[in-house]
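Presented below is the structure to which this report refers.
Everything numeric in this text was worked out from a predicted model, so none of it was measured.
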Amino acid sequence: MEASSCLLYQVRGFGSFRIWLCLLLLLVLQNCSPVLSDSPYLVGMGSYDITGPAADVNMMGYANTEQIASGIHFRLKSRAFIVAEPNGKRVVFVNLDACMASQLVNIKVLERLKARYGDLYNENNVAISGIHTHAGPGGYLQYVVYIVTSLGFVRQSFDVIVDGIEKSIVEAHNNLHPGKIYVNKGDLLDAGVNRSPSAYLNNPAEERSKYKYNVDKEMTLVKFVDDESGPVGSFNWFATHGTSMSRTNSLISGDNKGAAARFMEDWAEKNGLPKQTGVASSDDLGFLHMTSVLPRRVSTIIPEPDEITDDLMQLASSYEASGGRRLAGSNITRRIRSSQENNAKFVSAFCQSNCGDVSPNVLGTFCIDTHLPCDFNHSTCNGKNELCYGRGPGYPDEFESTRIIGNRQFLKAVDLFNSASEEIQGKIDYRHTYLDFSQLKVSVSTSTGGPQVVKTCPAAMGFAFAAGTTDGPGAFDFKQGDDKGNPFWRLVRNLLKTPGKEQVECQAPKPILLDTGEMKEPYDWAPAILPIQIIRIGQLVILCVPGEFTTMAGRRLRDAVKNVLISGSNGDFGTNIHVVLAGLTNTYSQYVTTFEEYQIQRYEGASTLYGPHTLSAYIQEFQKLATAMVENKEVPTNIQPPDMLEKQIGLLPGVMYDSTPPGVHFGDVSSDVAANSNFRKGTTVNATFYSACPRNDLLTEGTFALVEKLNGNDWIPIYDDDDWSLQFKWSRPSKFSPRSFATLEWTIPEDAASGVYRLRHSGASKPLIGSIKHFTGTSRAFAVR
């Protein structure tokens, strides 16, 4: 069309100049066309806030009824990537700062994607995984056993996760551009130890001799590079539990993997990513993340002023607390990074793998009364499991342990990111199916080498489940390694459900404490129908599993699938294939151990729901998926998981109303920064405000806390409640009191600019009659040297 127009111009006397101009324009347009790009894929990244209620809700992971959310350490996110062939298949992988994926969340996310995109995104090509933080609000799963401690279903927890996943995928979809993907891997030696070594040692010696360590030390990272913007993100898989934060922590946190993601996104921002060039500088790594330095969440906005002077101190003292005031809306609570939402952003996810028996508490396990090592086989102290705890590298400071383990993963990821040179090439493919794990027939080898058909069992938990782990011990007289049980707890169990003879024999040697698979009132206590999924992007293969595989269980599954792909693909897969296991994906069904580990009945074996042949069932069915993939055959699905949203019961009371003392406004300061204060970097400043329940408004993509810096006559937001250095702590005088307080604690980073600062708290209050109202208030100003 453009060329014919040029000829017409020449005929009409416009001259050869216009011909060359139009031809040049045509050439430029052709070169800009995605179809003609040299890049084999379209890549898109997205992220969105999924921070749940920061008050009153039990946290998911430790099953500790006393671990109730009461503030924010840093915010939780959904991070997504989409990779598509320009005219072919595409896949979506979502990584959640949540304890695990939820079957019900998946169902509702897929419904929304179908309404928005038709059949473009579906259960076959969408995977949703959790990092396994134990510091996020619970109540978003649909099975009874996982929501008992949260007093049932918590709709607010559920909705914010579903919304955030959808928005992160939409953002990734809208960001799809031609690009390349690179893969790299390397060992990280000091971020995980085996917390059940006695069970690991029950695996065959010949098998154990193949491996240098009793946990997987390898991190696999994929780097996404946009043709125009350069590097736009990275996802990596590495196995270590999200239990650096303890069972008594009450601040919402992404734990070590969430911290690592924030550190890497900060690093990318500091290095100007996304940008045109492909390799970022790592000169600032030592400065940003040395042990003695608290990392910043945002880049410097205001330049460093002159040294603190008496005049500047006087200026600070002239700004008193503002007093609380009402807001017309919640715009003032938007996060610092929200102002940059139209700019391309770097998305980094630290995904979970076969972490079942891997603890981040790398100093070992010790008795809290004697400080001696715990019993090796049972993880007890004088017979009591409650006294045995693992110690993180920052012991006794759990925040420091979280930072250190997160920082170690971050530094390794940056190293792999900057040295990644192997380009991913090849087609995109996927296979997915649902299986009923309560009655799956499995072919296994007998001791003589012959075949034998066995079955998996309806879900059940053993006595050692109640013992907990060295990351978070249980209570009473339970202990790990218990393959007998005791009469008293059997009597208690029988009040709920007495397991039948067939179930007892099927689960042996596990002594059944809770026969969850056969408990149906008021609705199902445990899942039976589970998804398994394989995603292929060139030579990268992701095995999506709905549980926590132990180290050796994950190794066996990866090896089995890899062998099928290489041997059956007629050269389509070479020896450079990279197989990663994505744990806690698409739903949750607790643990998967090897047959040998199951016999020991430590916590992981007692939590392997479907009996001793669970791993063999996974291997058998994943081999079928892999075979279908190499033979280019579809996998029929004849069953679907239940959607029990309408059956959910939630017993958590709503917020009745908020109040303040007479004459006091929401946002007024209760305990202010001292007058004429100045603080040095590395010290902590705090202020307490009259507040209201954070459940009134989650302030999604917003903040309850800000640190503001004086710049001329303007106060500029510098840090918010998604920053490592700033904590938002919420409390009330008594359990049912309508009054509450918000304490903002800012540990001043070493790289903070000197100057005049103040703290700002924002929130939303609920009156006894009427609608929710937003408010804000600031502290007295102070100087930072």
Side-chain angles (χ1 to χ4, degrees), residues 89-94 96 100-130 140-147 153 158-159 161-162 165-166 169 429-442 455-459 516-535 542-547 582-590 592 609-610 614 617-618 620-626 628-629 633-649:
K89 292 184 175 181
R90 61 182 59 202
V91 292
V92 182
F93 190 92
V94 180
L96 302 177
M100 67 281 290
S102 157
Q103 194 170 76
L104 188 58
V105 166
N106 268 42
I107 290 170
K108 296 308 176 185
V109 167
L110 291 173
E111 286 179 0
R112 292 192 183 188
L113 293 177
K114 184 175 180 61
R116 185 183 290 269
Y117 298 111
D119 294 329
L120 190 61
Y121 302 111
N122 53 67
E123 63 191 17
N124 297 309
N125 65 353
V126 175
I128 302 174
S129 185
Y140 63 93
L141 289 89
Q142 69 172 346
Y143 294 100
V144 173
V145 75
Y146 305 131
I147 55 176
F153 190 68
F158 174 81
D159 285 343
I161 294 176
V162 173
I165 294 172
E166 180 191 19
I169 293 175
D429 206 356
Y430 42 80
R431 292 296 184 276
H432 173 283
T433 193
Y434 290 109
L435 300 165
D436 186 350
F437 265 78
S438 69
Q439 52 181 356
L440 201 60
K441 292 183 178 180
V442 187
K455 289 178 64 176
T456 56
C457 326
T516 53
E518 298 181 315
M519 297 166 69
K520 305 294 184 181
E521 298 297 334
Y523 43 88
D524 292 356
W525 279 55
I529 298 172
L530 302 179
I532 62 171
Q533 182 182 34
I534 299 179
I535 288 176
I542 306 171
L543 309 182
C544 302
V545 298
L584 305 117
T585 301
N586 294 329
T587 191
Y588 184 62
S589 59
Q590 294 174 248
V592 180
L609 295 184
Y610 308 104
T614 301
Y618 273 105
Q620 171 183 283
E621 299 304 318
F622 264 99
Q623 286 176 322
K624 292 179 182 178
L625 284 191
M629 179 172 283
K633 294 180 179 179
E634 296 301 315
V635 179
T637 296
N638 300 319
I639 53 177
Q640 291 286 326
D643 177 349
M644 298 191 294
L645 181 59
E646 298 305 318
K647 295 182 179 180
Q648 295 302 308
I649 298 171

Quiz item: Can you list the steps and then say if D524 with M644 is a side chain to side chain contact (heavy atoms under 4.5 Å, CB included)?
Solution: CA-CA 9 Å; D524 292 356; M644 298 191 294; 4.1 Å; yes
Shortest non-hydrogen contact from [X] toward [Y]:
{"X": "P527", "Y": "Y588", "value": "CG-O, 3.6 Å"}
{"X": "T587", "Y": "Q103", "value": "OG1-CB, 3.1 Å"}
{"X": "Y430", "Y": "R90", "value": "CE2-O, 3.5 Å"}
{"X": "A101", "Y": "N586", "value": "CB-N, 3.3 Å"}
{"X": "I107", "Y": "P642", "value": "CD1-O, 3.5 Å"}
{"X": "A459", "Y": "A526", "value": "CB-CB, 3.9 Å"}

Side chains of [X] and [Y] in contact at under 4.5 Å (non-hydrogen atoms):
{"X": "K114", "Y": "N122", "answer": "no"}
{"X": "L645", "Y": "F153", "answer": "yes"}
{"X": "D643", "Y": "K108", "answer": "yes"}
{"X": "I161", "Y": "S102", "answer": "no"}
{"X": "F158", "Y": "V105", "answer": "yes"}
{"X": "V592", "Y": "V545", "answer": "no"}
{"X": "T614", "Y": "L609", "answer": "no"}
{"X": "T433", "Y": "E621", "answer": "no"}

Rounded to the nearest 0.5 Å, how far does [atom2] of [Y] lie from [atom1] of [X]?
{"X": "I529", "Y": "Y434", "atom1": "CD1", "atom2": "OH", "result": "9.5 Å"}
{"X": "E634", "Y": "M629", "atom1": "CD", "atom2": "CE", "result": "10.0 Å"}
{"X": "I532", "Y": "Y618", "atom1": "CD1", "atom2": "OH", "result": "8.0 Å"}
{"X": "L435", "Y": "L440", "atom1": "CG", "atom2": "CG", "result": "6.0 Å"}
{"X": "I169", "Y": "Y121", "atom1": "CD1", "atom2": "OH", "result": "8.5 Å"}
{"X": "R112", "Y": "I165", "atom1": "CZ", "atom2": "CD1", "result": "9.5 Å"}

Quiz item: Do M100 and Y140 pass the side chain to side chain contact (heavy atoms under 4.5 Å, CB included) test, and can you show the C-alpha distance, the side-chain angles, and the key distance before you say yes or no?
Solution: CA-CA 10 Å; M100 67 281 290; Y140 63 93; 3.6 Å; yes
Is there a donor-acceptor pair closer than 3.5 Å between any side-chain N or O of [X] and the backbone N or O of [Y]?
{"X": "S589", "Y": "P546", "value": "yes"}
{"X": "S438", "Y": "A528", "value": "no"}
{"X": "Q620", "Y": "K441", "value": "yes"}

Practice problem: Could you verify whether a donor N or O on one side chain and an acceptor N or O on the other, from Y523 and Q142, lie under 3.5 Å apart? | Solution: no
Quiz item: Quick one: do the Y146 and Q590 side chains pair a donor with an acceptor below 3.5 Å?
Solution: yes
Quiz item: Which is it for I534 and I542 under the side chain to side chain contact (heavy atoms under 4.5 Å, CB included) test, yes or no, and what are the steps along the way?
Solution: CA-CA 6 Å; I534 299 179; I542 306 171; over 6 Å; no
Self-check item: Qualifying residue for side chain to side chain contact (heavy atoms under 4.5 Å, CB included) with I128, from L584, L96, T585, V92
Solution: L96
Self-check item: Trace of the side chain to side chain contact (heavy atoms under 4.5 Å, CB included) decision for Y143 with T516
Solution: CA-CA 10 Å; Y143 294 100; T516 53; over 6 Å; no
Quiz item: If you count the non-hydrogen atoms of other residues, nucleotides and ligands that lie under 6.0 Å from NZ in K520, is the total more than 12?
Solution: yes
Exercise. Please name the residue in the list N125, D429, N124 that meets the side chain to side chain donor-acceptor pair (under 3.5 Å) test with K89.
Key: D429
